[in-house]
Amino acid sequence: MEREMQERILGCMADVLNQNGFHAELLRQGEENPLLLRCENRAMGKVKKDVSIECCFIPIAMPNESTGLLQFFVTLFGGVPEMYAPVTRQACEYCNDFSALGAFGFFPDAGQIYLKHNTLLDSSLEFEKVITFFADNISLLFASVSRFIDGLATVGFTGTPLQAAIDQELFPRLG
């Protein structure tokens, strides 16, 4: 996908997000680096954690010039103590069975919980359809974050075992 189209899509999405109460900005990092859309949402969940979404088109060759690979990286929070890393990783993996979009993960060195998603965008479609698809992806990502942020924070910051968090209804039950 051409850089001009990437910039148009990300810029339009920043405008849409800003109109809906988010703080979003398009970061231009030079000609050789990908454009980056950064969006912040303040105080999500009962734990009131700030969440940020960063998305950019991954610079790889696609079979069709109008197609681009868009990556979303959602940072839920950092600072999870190292001693709770194993149970936090287990909780992230458990949440993946229920997440509508993307996959939760954990960077133990930073104590950071994240949600990552990749999708293809086809700029040959009507521009409004491209933006609607993009917005739907962000909505689903925020829905996953909203659903699991309190449980992940409880597990990550208190070391609550996964089964105890499920019993407290911080996570849904399988089957």
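On a predicted model such as this, the values are computed, not experimentally measured, just so you know.
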Indicate, with yes or no, if [Y] and [X] share a hydrophobic cluster defined by side-chain heavy-atom contacts under 4.5 Å among Ile, Leu, Val, Met, Phe, Trp and Tyr.
X: L70; Y: L140; result: yes
X: F73; Y: V51; result: no
X: F157; Y: F107; result: no
X: I131; Y: L121; result: yes
X: L174; Y: L170; result: no

Using modelled atom types only, decide if a donor and an acceptor are shared between the side chain of [X] and the backbone of [Y] within a distance under 3.5 Å.
X: S123; Y: S66; result: yes
X: E40; Y: D50; result: no
X: T158; Y: T160; result: yes

Considering non-hydrogen atoms only, spot the tightest contact between [X] and [Y] and give its length.
X: N118; Y: Q71; answer: OD1-CG, 3.0 Å
X: V47; Y: A153; answer: CG1-CB, 3.7 Å
X: R147; Y: P172; answer: NH2-CG, 3.4 Å

Item to check | Residue pair Y84, V155: steps toward the side chain to side chain contact (heavy atoms under 4.5 Å, CB included) verdict | outcome: CA-CA 8 Å; Y84 301 141; V155 169; over 6 Å; no
If you define the side chain from C-beta out and look only at heavy atoms, does anything of [X] sit under 4.5 Å from [Y]?
X: L35; Y: L27; answer: no
X: D122; Y: V130; answer: no
X: E4; Y: R8; answer: no
X: F171; Y: L152; answer: yes
X: E82; Y: P108; answer: no
X: L37; Y: M13; answer: yes
X: F127; Y: M5; answer: yes
X: F72; Y: L115; answer: no

Item to check | Y94 ring center near F148 ring center (under 6.0 Å) | outcome: no
Checklist entry - Does the gap between the ring centers of F142 and F22 come in under 6.0 Å? => result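 They qualify: ring centres under 6.0 Å apart.
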Next on the checklist: Measuring from atom CD of E7 to atom SG of C12, what distance do you get when rounded to the nearest 0.5 angstrom?
Outcome noted: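 Rounded to the nearest 0.5 Å, the CD-SG separation comes to 12.5 Å.
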Checklist entry - CZ of R28 to CG of L26: how many Å apart, nearest 0.5 Å? => result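 Going from the CZ atom of R28 to the CG atom of L26 covers 4.5 Å.
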Item to check | Residues, nucleotides or ligands: over 12 heavy atoms within 6.0 Å of E65 CD | outcome: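 It does not: E65 CD has 12 such atoms or fewer within range.
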Next on the checklist: Just checking E2: does its CD atom have more than 12 heavy atoms from other residues, nucleotides or ligands closer to it than 6.0 angstrom?
Outcome noted: no
Checklist entry - Taking only residues two or more places apart in sequence or in another chain, which ones pass side chain to side chain donor-acceptor pair (under 3.5 Å) with E54? => result R38
Checklist outcome for this item: Sorted by chain and number, sequence neighbours left out, side chain to side chain donor-acceptor pair (under 3.5 Å) with N137 holds for H117
List, one per line, each side-chain donor-acceptor pair under 3.5 Å for residues 97-105, sequence neighbours excluded.
| unit_1 | atom_1 | unit_2 | atom_2 | d |
| --- | --- | --- | --- | --- |
| S99 | OG | L101 | O | 2.9 |
| S99 | OG | S144 | OG | 3.0 |

Next on the checklist: Tell me whether D167 is salt-bridged to R173, with the criterion being a basic N under 4.0 Å from an acidic carboxylate O.
Outcome noted: yes
Next on the checklist: Does F77 form a side chain to side chain contact (heavy atoms under 4.5 Å, CB included) with Q112? I'd like the steps, not just the answer.
Outcome noted: CA-CA 6 Å; F77 49 83; Q112 183 180 55; over 6 Å; no
Item to check | Criterion side chain to side chain contact (heavy atoms under 4.5 Å, CB included) on H23 and E25, from CA distance to verdict | outcome: CA-CA 7 Å; H23 172 70; E25 62 182 324; 4.0 Å; yes
Item to check | Stepwise side chain to side chain contact (heavy atoms under 4.5 Å, CB included) check, F133 with L125 | outcome: CA-CA 11 Å; F133 179 77; L125 299 173; over 6 Å; no
